[in-house]
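See below for the structure under consideration.
If you're wondering where the values come from, they're calculated on a predicted model, not measured in any experiment. Residue numbers begin at 1 in each chain, while the letters A, B, ... track the order of the sequences.
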There are 2 protein chains.
Amino acid sequence: MTLVTIKQASEATGVSPKMIRHYESIGLIAAPTRTENGYRYYGPDDINSLCFIRRARDLGFPFEDIRQLLALLRDKRRSSAEVKQIALRHVAELEAKAAQLATMSEALKRLTTVCPGNSSPNCPILDALAPSQQGKLWCNS
Amino acid sequence: MTLVTIKQASEATGVSPKMIRHYESIGLIAAPTRTENGYRYYGPDDINSLCFIRRARDLGFPFEDIRQLLALLRDKRRSSAEVKQIALRHVAELEAKAAQLATMSEALKRLTTVCPGNSSPNCPILDALAPSQQGKLWCNS
DNA sequence: ATCAACCCTTCCATCATGGCAAGGTCAAGG
DNA sequence: CCTTGACCTTGCCATGATGGAAGGGTTGAT
């Protein structure tokens, strides 16, 4: 039995010891065996689970998705359609977020191109942010 | 003096009452005048500041940036270069985040195209997430 | 007088992660 | 044997921006 400490598990999987304990506390991974002194010791299956989780995190999956993906991984009677559904939903979320960032980034970038960026106080960026109608007490856009 | 309640200020600016109080608590806006009963009442300048903040938030600026932008807005001796610098740095951050999301999204999207999505348990998505070398206790990628 | 709508403060939750503190354990070297 | 450093444990606090809920006070209209 190749049992390793939490530090070694961390180095083997790229998941910090802190996060390994956290995953355990939220039930994402099973509690590992402990020795008399209370130290956690991880076996190959635990290491595999942690690798799986880290790769899923690298793809931006939230914990809830990972929980489901782990269940599907262990369920030999799964259908690949279930996995694909989770993945496609996540792709859509990633793309939505990316589109949101792109919208912001493009709007701001356009403002920066018309800002002289010199010692003058006149700045189209601030003009765009400050309410233009001075008499109004409301703010439409 | 057109003084309005926090609810009215919220409706005028699109910032929730909760957030208006929060901005005050972190010093992003000045504490407004209060009546004897302790109610906050906001004037035109406050409304303008809140509009400014909301627009900056719509562009994804974090509070720290907004704090600096508000200071520059009030500083008539500012240089537009200072504003532009903040904006360009933020554009870079937005683009970096968007690129990160795009990387994830593309990798996952490619996996979904090779996943059959039927009733078979075979799934390239899970294969990509699960460690492939079964004997190893480490996880390179 | 009552009732809805509003106001106040304070605490808790998100999501994933890091940090710090206080205390226990273990292995190597003097 | 004792010290030292590296490791382990638990628990609390913080992030950033926002929402929610609890619990209590005020106002205004019916």
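- A salt bridge does not link Glu93(B) to Lys97(B): none of the charged nitrogens lies less than 4.0 Å from a carboxylate oxygen.
- A salt bridge does not link Arg40(A) to Asp46(A): none of the charged side-chain nitrogens sits closer than 4.0 Å to a carboxylate oxygen.
- Between Lys7(B) and Glu11(B) a salt bridge is recorded (basic side-chain N to carboxylate O distance below 4.0 Å).
- For the pair Ile20(A) CD1 and dA16(C) C1', the interatomic distance rounds to 15 Å; values are reported in whole Å.
- Look at Arg57(B) and you'll find a side-chain N or O under 4.0 angstrom from OP1 or OP2 of dT18(D).
- Of the candidate nucleotides dC6(C), dC8(D), dG18(C), dC8(D) has the atom nearest to the side chain of Arg21(A).
- Separating the CD atom of Glu36(A) from the P atom of dC8(D) is a distance of 18 Å, rounded to the nearest angstrom.
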Salt bridge (Lys or Arg N to Asp or Glu O under 4.0 Å) between Glu64(B) and Arg67(B), worked out: CA-CA 5 Å; Glu64(B) 269 321 298; Arg67(B) 199 186 300 272; 3.0 Å; yes

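- Considering only side-chain N and O atoms, Arg40(A) lies nowhere under 4.0 angstrom from the phosphate OP1 or OP2 of dC7(D).
- Taking atom CD1 of Ile66(B) as the reference point, atom P of dG16(D) lies 13 Å away to the nearest angstrom.
- In this entry the distance linking CE of Met19(A) with C1' of dC15(C) reads 10 Å, nearest Å.
- Counting non-hydrogen atoms under 4.0 angstrom, Tyr41(B) reaches nothing in the nucleic acid.
- Taking atom CD1 on Ile6(B) and atom P on dT27(D), their separation rounds to 17 Å, with Å as the unit.
- Between Ser16(A) and the phosphate of dG18(C), there is a side-chain N or O to OP1/OP2 separation shorter than 4.0 Å.
- Per the geometry, CG belonging to Leu3(A) stands 14 Å off P belonging to dC8(D), to the nearest Å.
- At least one side-chain nitrogen or oxygen of Arg34(B) sits closer than 4.0 Å to the OP1 or OP2 atom of dT9(C).
- Rounded to whole angstrom, the span from the CD atom of Gln8(A) across to the C1' atom of dC26(C) amounts to 13 Å.
- Between the NZ atom of Lys97(A) and the P atom of dC15(C) there is a distance of 11 Å, given to the nearest Å.
- Glu95(B) and Arg89(B) are not joined by a salt bridge, as no carboxylate oxygen comes within less than 4.0 angstrom of a charged side-chain nitrogen.
- Side-chain nitrogen and oxygen atoms of Asn37(A) include none within less than 4.0 Å of the OP1 or OP2 phosphate oxygen of dC8(D).
- Mapping Pro62(B) and Tyr39(A) onto DNA chain D by nearest heavy atom places Tyr39(A) at the nucleotide closer to the 5' end.
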